[in-house]
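Following: one structure in structure tokens, then a few remarks.
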Protein chains: 2
Amino acid sequence: MNIGEVAAQTGLPAKTIRYYEDIGLVTAGRGANGYRVFQNTDAHKLTFLGRARALGFSIEHCRELLALWEDRGRASADVRAVALGHLDDIEAKISALAAMRDTLSELVQNCAGDGRPDCPILKGLEGP
Amino acid sequence: MNIGEVAAQTGLPAKTIRYYEDIGLVTAGRGANGYRVFQNTDAHKLTFLGRARALGFSIEHCRELLALWEDRGRASADVRAVALGHLDDIEAKISALAAMRDTLSELVQNCAGDGRPDCPILKGLEGP
DNA sequence: CCTTGACCTTCCCGTGACTGGAACCTCTAT
DNA sequence: ATAGAGGTTCCAGTCACGGGAAGGTCAAGG
């Protein structure tokens, strides 16, 4: 398989696949013409990576998960630990964003939003 | 005021203040020794910027907000529009993160998390 | 007067995870 | 023969800074 076919199959841009090869997440053989040659297993790895990334796992977490995925003797506890750590990260981000949203939406609600210059949003940004 | 004092007053790192000067968000005079000299108005601007950044506004949005803040003839509607746009961004991010959290936490809940290799999390990442 | 230490300066590199583009090579179809 | 699609490498840029080097400046103490 050439890179374009793998890209179509996995939904990842070819650029991203090259990048993943570059940083050692996947390996690809080479044909006589210098083109990358992918096996089905590589395509599966890339699908796995695409899904993990879509769930917000960092590249380093993906590397760990990929290693666990390929390790037949893994303990599911190790996988779960990585996932739980990431869940905590996600929750923290959601909390931070929700706090921003709450503060900001309160400011917005108090703002007339008309032609006059008086603006509680700007006042809220000035200071407490 | 030297940069250190402004940093202490605004809570922004000196590096950040220099960066903001670099990209033209604030301006600073210079003393005979080459040190930056800040006026109170600069410190207020920086406080404003720090608060806007803390609410997640991008630097470019901060630039707009700062311009509106300094424009006595502004329409509060313009401020509100910027804020509403940002609120949408925040909501979108929260939704995306919540979707990740939901998917991931379901996988985690189905995972025994023991010494055995069987792992629904990895299976979920493989494909549907 | 000299030193110490805190503070300031500029400059350059690195971050994460790609994305865009340039310049060039290879394959397939007409 | 040529056009176009697809492949290759390499370099630069993104966003908003942070780290650290190399060096100038200031106030206090010996």
Side-chain angles (χ1 to χ4, degrees), chain A residues 1-38 42-43 45-46 48-66 85-86 89-90 92-93 96-97 100, chain B residues 1-38 42-43 45-46 48-66 85-86 89-90 92-93 96-97 100:
Chain A
M1 264 192 297
N2 284 347
I3 199 168
E5 200 179 337
V6 181
Q9 209 178 96
T10 63
L12 295 172
K15 277 262 184 189
T16 298
I17 297 174
R18 290 195 196 99
Y19 173 66
Y20 287 171
E21 191 197 3
D22 214 44
I23 62 175
L25 277 183
V26 291
T27 53
R30 295 294 175 132
N33 51 12
Y35 287 15
R36 286 170 182 81
V37 178
F38 294 89
D42 301 314
K45 267 197 200 185
L46 287 164
F48 181 93
L49 286 170
R51 291 177 169 270
R53 290 287 301 129
L55 287 180
F57 285 101
S58 71
I59 290 285
E60 285 317 305
H61 276 165
C62 286
R63 208 186 289 276
E64 293 178 41
L65 290 172
L66 202 50
H86 181 48
D89 285 359
I90 292 177
K93 281 184 188 163
L97 287 168
M100 289 180 194
Chain B
M1 266 192 295
N2 284 347
I3 199 168
E5 200 179 335
V6 182
Q9 209 178 97
T10 61
L12 295 173
K15 276 264 185 187
T16 299
I17 297 173
R18 290 196 195 98
Y19 174 66
Y20 287 171
E21 191 197 4
D22 214 45
I23 62 175
L25 277 183
V26 292
T27 53
R30 293 295 174 131
N33 52 13
Y35 288 15
R36 284 171 183 81
V37 178
F38 293 89
D42 301 315
K45 266 197 199 184
L46 286 164
F48 181 93
L49 287 169
R51 290 176 169 273
R53 290 287 300 131
L55 286 181
F57 285 101
S58 72
I59 291 285
E60 285 317 305
H61 276 165
C62 286
R63 207 185 291 275
E64 293 178 42
L65 290 172
L66 203 50
H86 181 46
D89 286 358
I90 292 178
K93 282 184 189 166
L97 286 168
M100 288 180 195

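A, B, ... follow the sequence lines: proteins, then strands. Residue 1 opens every chain.
- Rounded to an integer number of Å, the gap from CE of A:M1 to P of C:dC27 is 19 Å.
- Residues of residues 48-64 of chain B that place a heavy atom closer than 4.0 Å to DNA chain D, in numerical order, are B:R53, B:S58, B:I59.
- A donor-acceptor pair under 3.5 Å is absent between the side-chain atoms of B:N2 and the main chain of B:G4, judged by distance alone.
- Taking the side chain as every heavy atom from C-beta outward, A:D42 and A:V6 never approach each other to under 4.5 Å.
- A:Y19 places its OH atom 10 Å from the C1' atom of C:dT15, with the value rounded to the nearest Å.
- Look at A:N33 and you won't find any side-chain N or O under 4.0 angstrom from OP1 or OP2 of D:dT8.
- One N or O on the side chain of B:H86 and one on the backbone of B:L55 form a donor-acceptor pair closer than 3.5 Å.
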Next item on the list: Could you check B:I59 against B:R53 for side chain to side chain contact (heavy atoms under 4.5 Å, CB included), going step by step and ending with a plain yes or no?
Entry: CA-CA 7 Å; B:I59 291 285; B:R53 290 287 300 131; 3.9 Å; yes

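- Side-chain contact between B:F38 and B:I3 is present, with heavy atoms from C-beta onward closer than 4.5 Å.
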Next item on the list: Report, as a single string ordered 5' to 3', how protein heavy atoms within less than 4.0 Å touch nucleotides 6-13 of chain C: B base, S sugar-phosphate only, - not at all.
Entry: -BSBBB--

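- The shortest distance between the side-chain N/O atoms of A:T16 and the OP1/OP2 oxygens of C:dA17 is not below 4.0 Å.
- For the pair B:K45 and B:L66, the minimum side-chain heavy-atom distance is below 4.5 Å.
- Residue pairs that meet the side chain to side chain donor-acceptor pair (under 3.5 Å) test with at least one member in residues 16-26 of chain A, sequence neighbours left out, are A:E21-A:R36.
- A straight line from CD1 of B:I23 to C1' of D:dG13 spans 16 Å, rounded to a whole angstrom.
- Side-chain contact check for A:L25 versus A:R63: some heavy-atom pair is nearer than 4.5 Å.
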